[in-house]
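One structure is given below, encoded as structure tokens.
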Amino acid sequence: MRIVVTGAAGFIGSNLVRLLCAEGEDELVALDALTYAGNPANLDGLGDRVRFVRADIRDAGLMADALAGAQAVLHLAAESHVDRSIRDARGFLETNVIGTQVLLDTARAAGVERFVQVSTDEVYGSLGESGQFTEDSPPAPRSPYAASKAAADLLALAHHTTHGLPVVVTRCSNNYGPYQFPEKLIPLTIVRALAGEPVPVYGDGRNVRDWIHVEDHCRGILAALRHGRPGRVYNFGGGAERTNLEMVRAILRLTGAPADLVRFVADRPGHDFRYAVDAGRSRSELDWVPRTDLETGLAETVRWYRDHPGWWRPLLGPEYQAYIRRQYGGVGADAGG
Ligand code: NAD
Ligand code: TYD
């Protein structure tokens, strides 16, 4: 089956392409514009079963070429970092909304048999101390990133309703694992802890995320591709809720860094308090369950970053340093240096 993966040089996309290769798929198109978050090194060593195409999903002509003859599209390309969306949302709307629209139109014209829109539980908004989102929870996004993803999901579902495009939407909780760009909480904390640098924690560190290993998410995306019902939404979650402070402290322990590296910094505006999903539908309809428990997965992830400084050190160049200074001011001034 010819499968096009968009965002293939990013964190989840590259893990997904690796899983597809391991499962024996041999007609893969790995498509990516290579923004700051896309890294061709993430696809190293995959050989000639993968054809890499550097293209922007907003370019209808290039998308028509890339999707010609494809049976399936796994759509992951996106601007993905909440903090960047708070500073400047425009690129989020351009890629996540307009880009998705272009891709949906192209997929319809190309007659693809399955379009998986890879989305996030952040489209549901924020929870209090209890409760879980189900697929029937209404979208109530609170950050520009989440709003752009909600718009994209709804467009994808509208293409199913209006045009009969066989769309499946997946909504997953927070991923961790290898090849994640060091701007999100887990890889940022790991690389700073390994360098002995202060780790910024927003607010009081009590916000809760449900962590899932990236490989479990990728198995879910493939289950949705193969067994999902068109027009339907599937939640994936790790069932591993932790406060941010618990996660940061666990990473400091695993890296052997001192606990006093934690720095409480000004809270993120509109910071969602808690995410948690009910993944019962994915369990019953897709036969999917997460396999990696958080303690094992986090230890493996820390080990991966410790063993692969050659992967992440080159990412900490002047552009990254400028971002860290802008985002964290004094706390991050020496980040990665
Ligand atoms: P990422 O930022 O690591 O990767 C995104 C990739 O998309 C990058 O390689 C980037 O170069 C590419 N890209 C950006 N704009 C593009 C454009 N206009 N055209 C082509 N390629 C473009 O993000 P990620 O964490 O791997 O997330 C992948 C997808 O999964 C996103 O759609 C995200 O919303 C979703 N998701 C992420 C998480 C998470 O915890 N990271 C959880 C649930 C869902
Ligand atoms: P993040 O990894 O950005 O993912 P998301 O916002 O999509 O959930 O953040 C995870 C949690 O960690 C979130 O509650 C914000 C918090 N956080 C910090 O406390 N400090 C940081 O430097 C970052 C990047 C995130």
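Read the numbers this way: they start at 1 and go in the same order the structure lists the ligands and their atoms. Note that the numbering runs from 1 along the sequence shown for the chain. No experiment lies behind these values; they were computed from the predicted model shown.
- The N/O atoms of A77, backbone and side chain alike, include none that comes under 3.5 Å of an N/O atom in ligand 1.
- At a 4.0 Å heavy-atom cut-off, ligand 2 does not touch I186 at all.
- The G38 neighbourhood of ligand 1 comprises atoms 8 (C), 9 (O), 11 (O), with distances under 4.0 Å to a heavy atom of that residue.
- Any N or O atom pair closer than 3.5 Å counts here, and L31 shares no such pair with ligand 1.
- If you check which protein heavy atom lies closest to atom 25 (O) of ligand 1, you get F11 CD2, 3.7 Å.
- On a distance-only criterion, H217 and ligand 1 share no N/O pair closer than 3.5 Å.
- Looking from atom 16 (C) of ligand 2 to the surrounding protein, the closest heavy atom is N244 ND2, 3.3 Å.
- Residue N39 has no nitrogen or oxygen atom sitting less than 3.5 Å from a nitrogen or oxygen atom of ligand 1, judged on distance alone.
- A side-chain N or O of Y36 and one of R84 form a donor-acceptor pair less than 3.5 Å apart.
- For atom 31 (C) of ligand 1, the closest non-hydrogen atom on the protein side is L76 O, 3.2 Å.
- Of all protein heavy atoms, the one lying nearest to atom 22 (O) of ligand 2 is Y328 OH, 2.6 Å.
- For H81, the heavy-atom gap to ligand 2 drops under 4.0 angstrom.
- Counting protein heavy atoms only, atom 20 (N) of ligand 2 is closest to P200 O, 3.0 Å.
- Residue S80 places at least one N or O, backbone or side chain, under 3.5 Å from an N or O of ligand 1.
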Exercise. How far apart are the C-alpha atoms of K184 and S80, what are their side-chain angles, what is the distance that settles it, and do they pass the side chain to side chain donor-acceptor pair (under 3.5 Å) test?
Worked result: CA-CA 10 Å; K184 303 217 175 84; S80 68; 2.9 Å; yes

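- For the pair D56/L62, no side-chain contact is recorded, criterion being any heavy-atom separation below 4.5 Å from C-beta on.
- Contact annotation: the side chain of C172 never approaches that of T120 to less than 4.5 Å [non-hydrogen atoms, C-beta and beyond].
- Within ligand 2, the atoms closer than 4.0 Å to a non-hydrogen atom of Y275 are 8 (O), numbered from 1 in the order shown.
- Residues S173 and D121 bring no donor and acceptor atom of their side chains to less than 3.5 Å of each other.
- Shortest contact from atom 9 (O) of ligand 1 to any protein heavy atom: D32 OD2, 2.6 Å.
- Protein heavy atom nearest atom 23 (C) of ligand 2, with residue, atom name and distance: Y202 CE1, 3.6 Å.
- Near E183, with a cut-off below 4.0 Å to any heavy atom, the atoms of ligand 2 are 24 (C).
- In terms of protein heavy-atom proximity, atom 3 (O) of ligand 2 is nearest to R268 NH2, 3.0 Å.
- By the 3.5 Å distance cut-off applied to N or O atoms, Y145 is counted among the residues near ligand 1.
- Both the backbone and the side chain of L185 come within 4.0 Å of ligand 2, counting heavy atoms alone.
- Taking every heavy atom of N174 and a limit of under 4.0 angstrom, the matching atoms of ligand 2 come to 4 (O), 5 (P), 7 (O), 8 (O).
- The N/O atoms of N175, backbone and side chain alike, include one that comes under 3.5 Å of an N/O atom in ligand 1.
- Distances from atom 37 (C) of ligand 1 to the heavy atoms of I12, L185, D153, V123 show the closest one on I12.
- With 3.5 Å as the limit, one finds a donor-acceptor pair spanning the side chains of R171 and Y124.
- Of all atoms in ligand 2, numbered sequentially from 1 with element shown, those under 4.0 Å from a heavy atom of D83 are 24 (C).
- Within the structure, ligand 2 lacks Q327 among the residues with a heavy atom less than 4.0 angstrom away.
- Both tests do not hold together for R229 against Y234: distance to the six-membered ring centre under 6.0 Å, angle to the ring axis within 45°.
- If you look at K149 next to ligand 1, the close heavy atoms, those under 4.0 Å, all belong to the side chain.
- Near A55, the atoms of ligand 1 lying under 4.0 angstrom from a non-hydrogen atom of the residue are 19 (N), 20 (C).
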For this session: Give the intermediate values and the outcome of side chain to side chain donor-acceptor pair (under 3.5 Å) for residues Y145 and N96.
Result: CA-CA 9 Å; Y145 161 69; N96 300 2; over 6 Å; no

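- Every N/O-N/O distance between C172 and ligand 1 stays at or above 3.5 Å.
- Side chains of D216 and W288: a donor-acceptor N/O pair is absent below 3.5 angstrom, by distance only.
- Residue-ligand proximity, K184 to ligand 2, at heavy-atom distances under 4.0 Å covers atoms 2 (O).
- Atoms of ligand 2 found under 4.0 Å from any heavy atom of R209 (numbered from 1 in listed order, with element): 8 (O), 13 (C), 14 (O).
- Atoms of ligand 1 lying under 4.0 Å from any heavy atom of L34, numbered from 1 in the order shown and given with element: 11 (O).
- For atom 42 (C) of ligand 1, the closest non-hydrogen atom on the protein side is S173 O, 3.4 Å.
- Looking at E94 and R90, a side-chain N of the basic residue comes within less than 4.0 Å of a carboxylate O on the acidic one, giving a salt bridge.
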Problem set entry | Verdict with supporting geometry, N174 and I186, side-chain contact (heavy atoms from CB on, under 4.5 Å) | CA-CA 10 Å; N174 286 63; I186 303 297; over 6 Å; no

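- Taking only non-hydrogen atoms, the option from G7, S14, A33 nearest to atom 21 (N) of ligand 1 is A33.
- For ligand 2, the polar-atom distance check against H271 finds a nitrogen or oxygen pair separated by under 3.5 Å.
- For A8, the heavy-atom gap to ligand 1 stays at 4.0 angstrom or more.
- Counting atoms of ligand 1 from 1 in the listed order, those under 4.0 Å from a heavy atom of N174 are 40 (O).
- Under a 4.0 Å criterion applied to the non-hydrogen atoms of A9, ligand 1 contributes the atoms 9 (O).
- Every N/O-N/O distance between Q180 and ligand 1 stays at or above 3.5 Å.
- Between E285 and R232 there is a salt bridge, since at least one side-chain N of the basic residue sits less than 4.0 Å from a carboxylate O of the acidic one.
- Counting the atoms of ligand 2 from 1 in the order shown, those under 4.0 Å from a heavy atom of V201 are 19 (O).
- Side-chain contact between H217 and I12: present, with at least one pair of heavy atoms (C-beta onward) separated by less than 4.5 Å.
- Put simply, the side chain of N207 does not reach to within 4.5 Å of the side chain of Y202, judged on heavy atoms.
- Shortest contact from atom 7 (O) of ligand 2 to any protein heavy atom: E122 OE2, 2.5 Å.
- Atoms of ligand 1 found under 4.0 Å from any heavy atom of D56 (numbered from 1 in listed order, with element): 17 (C), 18 (N), 19 (N).
- The closest approach between S119 and ligand 1 falls below 4.0 Å for a heavy atom of the residue.
- Of all atoms in ligand 1, numbered sequentially from 1 with element shown, those under 4.0 Å from a heavy atom of G10 are 3 (O), 4 (O), 8 (C), 9 (O).
- Proximity of L188 to ligand 2, defined as any heavy-atom pair under 4.0 Å, is confined to the side chain (atoms from C-beta onward).
- Using a 4.5 Å heavy-atom threshold, the side chains of L76 and I221 count as touching.
- Between E25 and R226 there is a salt bridge, since a side-chain N of the basic residue sits under 4.0 Å from a carboxylate O of the acidic one.
- Using a 4.0 angstrom heavy-atom cutoff, V118 counts as in contact with ligand 1.
- Taking 4.0 Å as the cut-off between side-chain N and carboxylate O, D204 and R206 count as a salt-bridged pair.
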